[in-house]
Chemist: 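Before I ask anything, here is the structure I am working with.
For ligands, and for the atoms within them, numbers begin at 1 and follow the listed sequence. Bear in mind that the values here come from a model prediction, so they are computed numbers and not experimental data. In this chain, residues are counted from 1 in sequence order.
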Amino acid sequence: MKDGVLLSVENLHVRFDTYAGQVHAVNGMTFDVRRGEIFGLVGESGCGKSVTGLAIVGMVPHPGRITAGRILFDGEDLLSKDEEEMQHIRGRRIAMIFQDPSAALNPVFTVGNQITRIIRHHMNLSRRDAYERALSVFEAVGLPDPVRIYRSYPHELSGGMQQRVMIAMALSSGAELLIADEPTTALDVTIQAQILDLLAHLRETQHLSILLITHNLGVVAEICDRVGVAYAGNIVEMGATEVVLNQMKHPYTEGLIAALPSPTRRGQPLQSIEGSVPDGLHLPSGCTFHPRCPHVMDRCRDHTPPRVQFSTPYGDHVVSCHLYAREEAR
Ligand code: SF4
């Protein structure tokens with residue numbers, strides 16, 4: 001395990017065997033999440049981000065299965081664990097939150113009841129101590145009046161408060177890694193900013209590592225230290241957020257950034273990337289982005305692009321593209 005790395009995903013492949021054929025949802029995903037960092041996994045829907053998150057916690061839905069790769073967490077190979085061992089790791093050491101907190105909370109129990117059950121399941125605490133711990137995590141995630149929140153049913157809380165409760169549940173057993181899958185997408189803009197501030201605060205105060213899965217480059221720019229840009233189940237560009245967003249090299253990343261609204265392009269039509277993300281049933285040969293790429297060359301159509309690594313003052317910058325195949329690492 002590399003120094004300072006908490007999670008290492010190496011050449012991960014996930015496939016769904018369906019009646020229509022084999023859907024290749026994740027195709028060689030490779031990235032690290034370092035201790036105490038926020039790593040953003042960004043891309044359009046259908047690029048394998050969420051399936052990667054679910055693979056890490058051992059919850060790839062049927063009929064999906066991991067067909068190749070390794071997932072190392074704190075030096076341990078998660079893919080060698082059985083379900084009982086994964087249950088211990090899930091929640092206790094790795095927690096996951098999703099876009100819609102109301103769907104994840106049980107409407108018939110108070111949130112206090114739900115968090116206490118999680119705490120007692122993972123930690124050997126009395127009912128009283130679990131109650132005290134619940135109140136202290138509610139406080140840590142900025143929920144006002146923790147006693148009132150404890151006694152509330154999910155429907156009595158706003159969307160932002162429900163997401164704070166979900167984060168509290170995720171952290172209640174002392175998780176070291178939080179996988180947050182589109183945690184702000186269902187929230188309005190001001191609440192989104194508050195939840196992002198909270199995640200950044202928890203990273204500082206609890207030394208939490210976060211894998212943030214999002215389609216939103218604005219969210220990445222706001223809080224991620226490093227980012228991997230995913231396309232068709234693989235990462236095509238990765239590096240420090242500063243570098244990837246300001247000195248991007250991959251044509252797909254260029255397209256994503258050009259498609260963002262900008263005050264400097266006021267009055268001009270929004271740009272878009274022609275075509276759509278390929279479905280996992282019919283992945284293009286060679287570079288999977290080639291049917292949409294404005295710089296496509298002959299070799300892109302049938303040769304997988306190499307991973308080219310550049311050195312920057314902010315760390316390594318990795319790009320998978322034939323355009324850079326002959327460039328010396330700088
Ligand atoms: Fe475009 Fe070729 Fe680079 Fe793929 S490898 S992004 S098709 S230039």
Side-chain angles (χ1 to χ4, degrees), residues 9-15 22-32 39-52 68-69 213-217 220-221 224 226-260 262 265 269-312 314-330:
V9 174
E10 298 175 3
N11 194 28
L12 183 70
H13 288 252
V14 182
R15 195 177 78 201
Q22 294 182 338
V23 178
H24 297 271
V26 179
N27 301 295
M29 199 74 88
T30 298
F31 62 89
D32 294 331
F39 180 86
L41 189 55
V42 68
E44 295 167 275
S45 46
C47 69
K49 316 179 295 280
S50 295
V51 176
T52 299
I213 295 171
T214 180
H215 69 283
N216 187 334
L217 281 169
V220 169
C224 293
R226 292 189 310 124
V227 57
V229 179
Y231 188 78
N234 205 342
I235 286 185
V236 295
E237 180 157 13
M238 178 165 58
T241 303
E242 175 95 12
V243 173
V244 172
L245 297 191
N246 296 313
Q247 298 159 42
M248 76 295 298
K249 288 182 178 290
H250 196 281
Y252 177 58
T253 316
E254 281 174 3
L256 282 182
I257 289 171
L260 291 175
S262 158
R265 295 197 297 267
L270 278 181
Q271 297 185 33
S272 63
I273 307 173
E274 282 196 18
S276 52
V277 177
D279 68 47
L281 261 177
H282 307 102
L283 284 182
S285 58
C287 170
T288 51
F289 187 58
H290 86 250
R292 306 174 74 189
C293 181
H295 306 292
V296 60
M297 302 171 284
D298 281 348
R299 66 176 176 275
C300 304
R301 296 192 171 88
D302 45 27
H303 289 83
T304 304
R307 274 166 63 93
V308 185
Q309 193 163 311
F310 299 86
S311 290
T312 80
Y314 302 94
D316 289 343
H317 180 194
V318 180
V319 187
S320 295
C321 176
H322 286 301
L323 285 174
Y324 305 98
R326 288 200 180 82
E327 283 201 29
E328 292 291 313
R330 285 177 271 135

Chemist: With a cut-off of 2.8 Å, which protein N/O/S atoms are close to atom 3 (Fe) of ligand 1, if we only count those under it?
Modeler: Cys321 SG
Chemist: If the condition is side-chain contact (heavy atoms from CB on, under 4.5 Å), which residues does Ser320 pass it with, not counting sequence neighbours?
Modeler: Arg307
Chemist: Just by modelled atom types, is the Lys249 backbone N or O under 3.5 Å from a matching donor or acceptor in the His317 side chain?
Modeler: no
Chemist: Output all residues satisfying salt bridge (Lys or Arg N to Asp or Glu O under 4.0 Å) with Arg299, sequence neighbours left out; order by chain, then residue number.
Modeler: none
Chemist: Has Asn27 got a side-chain atom pairing as donor or acceptor with Asn234's backbone, closer than 3.5 angstrom?
Modeler: no
Chemist: Who pairs with Glu242 by salt bridge (Lys or Arg N to Asp or Glu O under 4.0 Å), at least two apart in sequence or on another chain?
Modeler: none
Chemist: Please work out whether the ring planes of Phe310 and Tyr324 are parallel, tilted or perpendicular, with thresholds of 30° and 60°.
Modeler: perpendicular
